[in-house]
Amino acid sequence: MYIVILLLLASAAGAVYFRKVADDPAVWHVDPLTAEKPGTPNAILVRPETGDRTAPAYAVSPEDLARAIDEMALAEPNTSRIAGSPEELWMTYVQRSRIMGFPDYISIKALPKDDGATWAAFSRSRFGQSDLGVNAARLARWQEQLRARLGS
């Protein structure tokens, strides 16, 4: 009985800690074009030409792409922008898991490509070794939402 109570208290304390931990833009606002992945499998890079996946091109300006990315990201649950802006064409978001509040950081740059735009993104977990595919799934979902919204 005491072990169950202790585990519940530890879980509650962890949830509070993970939700309140500071999101330092000096640490997490990184350029996805030059970022290096950690040695753990809880991160993904999407770039126009290199990375874990290749970002598509869109027939819109980089400014329009940055605004679309920002609107889409901020519409997601438990997500806020911690650095950058669509005007800078470079933003970093924190998205926290629903139950425990684990933070993931997503840095995205909108880039010119031919007569349109593309993007680079680095999505990674702050804690742990595995993210159970959450970061890769997020960027795949965002890419699909951008395609539906902007075409490709």
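One-based numbering along the sequence shown. Small disclaimer: the values here were computed from a predicted structure and weren't measured.
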If you look at every heavy atom in [X] and [Y], which pair is closest and at what distance?
X      : Y      : answer
Ile108 : Ala121 : CG1-CB, 3.8 Å
Val46  : Thr54  : CG1-C, 4.2 Å
Leu89  : Pro62  : CD2-O, 3.6 Å
Ala73  : Thr79  : O-CG2, 3.3 Å
Pro103 : Arg96  : CB-NH1, 3.4 Å

query = Tyr105: what forms a ring-ring contact (aromatic ring centres under 6.0 Å, His included) with it, not counting sequence neighbours?
reply =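 Here the qualifying residues are Trp28.
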
Partner residues of Trp142 under the ring-ring contact (aromatic ring centres under 6.0 Å, His included) criterion, sequence neighbours left out =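 If we apply the ring-ring contact (aromatic ring centres under 6.0 Å, His included) test to Trp142, skipping adjacent residues, there are no hits.
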
query = Quick one: ring-ring contact (aromatic ring centres under 6.0 Å, His included) pairs with a partner in residues 66-98, sequence neighbours left out?
reply =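 For residues 66-98, and leaving out neighbouring residues, the ring-ring contact (aromatic ring centres under 6.0 Å, His included) pairs sorted by first residue read His29-Trp90.
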
Could you pull out every donor-acceptor pair under 3.5 Å between side chains of residues 113-120 and any protein atom, sequence neighbours left out?
unit_1	atom_1	unit_2	atom_2	d
Thr118	OG1	Pro56	O	2.7
Trp119	NE1	Tyr58	OH	3.3

Any residue meeting salt bridge (Lys or Arg N to Asp or Glu O under 4.0 Å) with [X], in chain and number order, not counting sequence neighbours:
X      : value
Glu88  : none
Glu36  : none
Arg147 : Glu144
Glu71  : Arg149

key: Test: Asp64 and Arg67 ion pair at under 4.0 Å   =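 Yes, Asp64 and Arg67 are salt-bridged.
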
[Y] reachable from [X] in the ILVMFWY side-chain graph, under 4.5 Å edges:
X     : Y      : result
Met72 : Ile44  : yes
Val27 : Val94  : yes
Ile82 : Ile106 : no

Could you go through residues 128-138 and list every donor-acceptor pair under 3.5 Å that involves a side-chain atom there, pairing it with any protein atom two or more places apart or in another chain?
unit_1	atom_1	unit_2	atom_2	d
Ser130	OG	Leu132	N	3.2
Asp131	OD1	Gly133	N	2.9
Asp131	OD2	Asn135	N	3.0
Asp131	OD2	Asn135	ND2	2.6
Asn135	OD1	Ser123	OG	2.6
Asn135	OD1	Arg124	N	3.4
Asn135	OD1	Arg138	NH1	2.7
Asn135	ND2	Asn42	O	3.2
Asn135	ND2	Ser125	OG	3.0
Arg138	NE	Gln95	OE1	2.5
Arg138	NH1	Ser123	OG	2.8
Arg138	NH2	Gln95	OE1	3.0
Arg138	NH2	Asp104	OD2	2.9

request  = Any salt bridge (charged side-chain N to carboxylate O under 4.0 Å, His left out) involving residues 25-35? Give me the pairs, sequence neighbours left out, ordered by first then second residue.
outcome  =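 Those involving residues 25-35 are Asp31-Lys109.
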
ask   = For residues 42-63, which residue pairs qualify under salt bridge (charged side-chain N to carboxylate O under 4.0 Å, His left out), counting only residues two or more places apart or in two chains?
value =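 Salt bridge (charged side-chain N to carboxylate O under 4.0 Å, His left out) check on residues 42-63 returns Lys37-Asp52.
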
inquiry  = Counting C-beta onward and ignoring hydrogens, is there a side-chain heavy-atom pair between Asn78 and Ser97 closer than 4.5 Å?
reply    =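 No; the side chains remain at least 4.5 Å from each other.
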
Side chain to side chain, Thr92 and Arg81, heavy atoms closer than 4.5 Å =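 No, their side chains stay 4.5 Å or more apart.
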
key: Side-chain hydrophobic cluster, 4.5 Å single linkage: members besides Val30   =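 So far as hydrophobic clustering goes, Val30 is joined with Leu45, Phe122.
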
